[in-house]
Amino acid sequence: MHNVFAFILHNQDIRINVIAMATKRKTAQLKSVKPSGKREDNFFELVYEVARQIPKGRVTSYGAIAACLGAKSSARMVGWAMNGAHNIKPRVPAHRVVNRNGMLSGKHHFTPPDNMEKLLRQEGIRVKNDQVVEFDTLFWDPGTELGF
DNA sequence: CGCCTGACGAAAC
DNA sequence: GGTTTCGCCAGGC
């Protein structure tokens, strides 16, 4: 199907999570890449790969990404990952990741800050007071949507 | 080393 | 139901 996951595996927890994902979702392929040796690289790669699955015109939350990776309490790390998501290839649509209330909490990390909102608007998403309008219906949950 | 700061979020007040 | 606390963990100092 649409998403093939190529992950760098090193940290055991992450490995377990990835295997769990691949098992749940039969179409997902688990492909080992040379280990970088650093946990955050692996986790960040996972985060980036999930974020890339967010459809245009939809949004998700930091926590939702963390949860689907089995790291429910590591939402902050997802935010941290997004901090380094600029200039990553393939492109990571970091503007589609907001906090659990649909607020553009990461806007100050865009240049200029209004760019996050601008990018969302270009995809037909309405933003009011740094808040995604109709967040509930636009919310894309990687856990259920990807079947992880 | 320790201490602090977060694009977070849930639980506890 | 708003505010504070706390778990989380990478990086900066």
Side-chain angles (χ1 to χ4, degrees), chain A residues 3 5-25 30 32-148:
Chain A
N3 43 349
F5 288 75
F7 293 143
I8 300 167
L9 301 178
H10 182 72
N11 179 277
Q12 201 169 18
D13 293 339
I14 296 302
R15 173 185 287 275
I16 289 166
N17 291 330
V18 176
I19 290 172
M21 293 193 301
T23 304
K24 280 188 179 178
R25 189 161 189 285
L30 187 59
S32 237
V33 184
K34 60 177 180 181
S36 71
K38 278 192 169 185
R39 178 202 160 112
E40 68 271 20
D41 292 345
N42 307 332
F43 184 68
F44 284 17
E45 279 307 313
L46 295 173
V47 170
Y48 296 151
E49 199 54 42
V50 172
R52 290 187 189 106
Q53 314 303 321
I54 308 169
K56 201 173 183 180
R58 303 288 298 278
V59 291
T60 193
S61 68
Y62 305 96
I65 293 176
C68 95
L69 291 174
K72 199 183 166 200
S73 58
S74 295
R76 299 182 86 162
M77 286 303 99
V78 175
W80 183 251
M82 288 302 136
N83 201 30
H86 308 285
N87 306 323
I88 291 284
K89 53 191 176 191
R91 216 56 103 203
V92 178
H95 61 283
R96 297 181 193 143
V97 186
V98 298
N99 78 2
R100 71 165 199 127
N101 299 314
M103 290 193 291
L104 280 57
S105 47
K107 66 176 288 185
H108 296 299
H109 295 267
F110 286 77
T111 48
D114 286 343
N115 206 35
M116 185 176 189
E117 179 173 338
K118 187 180 170 187
L119 290 168
L120 290 171
R121 287 188 191 283
Q122 285 174 358
E123 300 182 358
I125 296 175
R126 285 180 298 142
V127 179
K128 197 172 189 179
N129 298 327
D130 292 336
Q131 177 92 23
V132 172
V133 178
E134 292 182 50
F135 173 66
D136 290 345
T137 54
L138 292 178
F139 180 71
W140 182 86
D141 181 18
T144 57
E145 304 280 0
L146 296 177
F148 290 164

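- Judged purely by atom type and a 3.5 angstrom limit, Tyr62(A) has no side-chain atom pairing as donor or acceptor with the backbone of Trp80(A).
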Dump every N/O contact between nucleotides 10-13 of chain B and the protein below 3.5 Å, one line per pair.
| residue | atom | partner | partner atom | Å |
| --- | --- | --- | --- | --- |
| dA10(B) | OP2 | Arg100(A) | NH1 | 3.4 |

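- The main-chain N or O of Trp140(A) is found under 3.5 Å from a side-chain atom of Thr60(A) such that the two form a donor-acceptor pair.
- Look at CG on Leu46(A): it is 16 Å from C1' on dA10(C), rounded to the nearest Å.
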- Query: Going through the distances and angles, do Val132(A) and Leu104(A) end up as a side-chain contact (heavy atoms from CB on, under 4.5 Å)?
  - Reply: CA-CA 8 Å; Val132(A) 172; Leu104(A) 280 57; 3.8 Å; yes

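- Atom NE2 in His86(A) sits about 12 Å away from atom P in dA7(B), given to the nearest Å.
- Although no hydrogens or angles enter the test, the distance criterion places a donor-acceptor pair under 3.5 Å between the side chain of Gln131(A) and the main chain of Asn101(A).
- dC8(B) atom P lies 14 Å from atom NZ of Lys107(A), rounded to whole Å.
- Summarising the geometry, the separation between CZ on Phe43(A) and P on dA7(B) is reported as 17 Å, rounded to the nearest angstrom.
- Each of Val98(A), Thr111(A), Val127(A) was compared with Met116(A) under the side chain to side chain contact (heavy atoms under 4.5 Å, CB included) criterion, and only Val98(A) meets it.
- Side-chain atoms of Arg100(A) do not come within 3.5 Å of backbone N or O of Ser61(A) as any donor-acceptor pair.
- Spacing between atom CG of Leu69(A) and atom P of dG9(B) amounts to 14 Å, rounded to whole angstrom units.
- The P atoms of dT4(C) and dT5(B) are separated by 16 Å, rounded to the nearest whole Å.
- We find the CD-NZ distance between Glu134(A) and Lys128(A) to be 11.5 Å, quoted to the nearest 0.5 Å.
- As rounded to whole Å, 18 Å separates atom P of dC4(B) from atom CH2 of Trp80(A).
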Any N/O pairs under 3.5 Å between the protein and nucleotides 6-8 of chain C? List them or say none.
| residue | atom | partner | partner atom | Å |
| --- | --- | --- | --- | --- |
| dG7(C) | O6 | Arg76(A) | NH1 | 2.8 |

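- Looking at Ile88(A) and Arg52(A), their side chains come closer than 4.5 Å, going by heavy atoms from C-beta outward.
- Across the protein-nucleic acid pair, Asn83(A) atom CG and dG12(C) atom P stand 11 Å apart, rounded to whole Å.
- Around the CZ atom of Arg91(A), the shell of radius 6.0 Å holds no more than 12 heavy atoms that belong to other residues, nucleotides or ligands.
- In this structure, His108(A) atom NE2 and dG6(B) atom C1' are separated by 13 Å, rounded to whole Å.
- Residue His95(A) is out of contact with every strand shown, counting any heavy-atom pair closer than 4.0 Å.
- Across dG9(B), dG11(C), dC8(B), the shortest atom-to-atom separation from the side chain of Ser61(A) is found for dG9(B).
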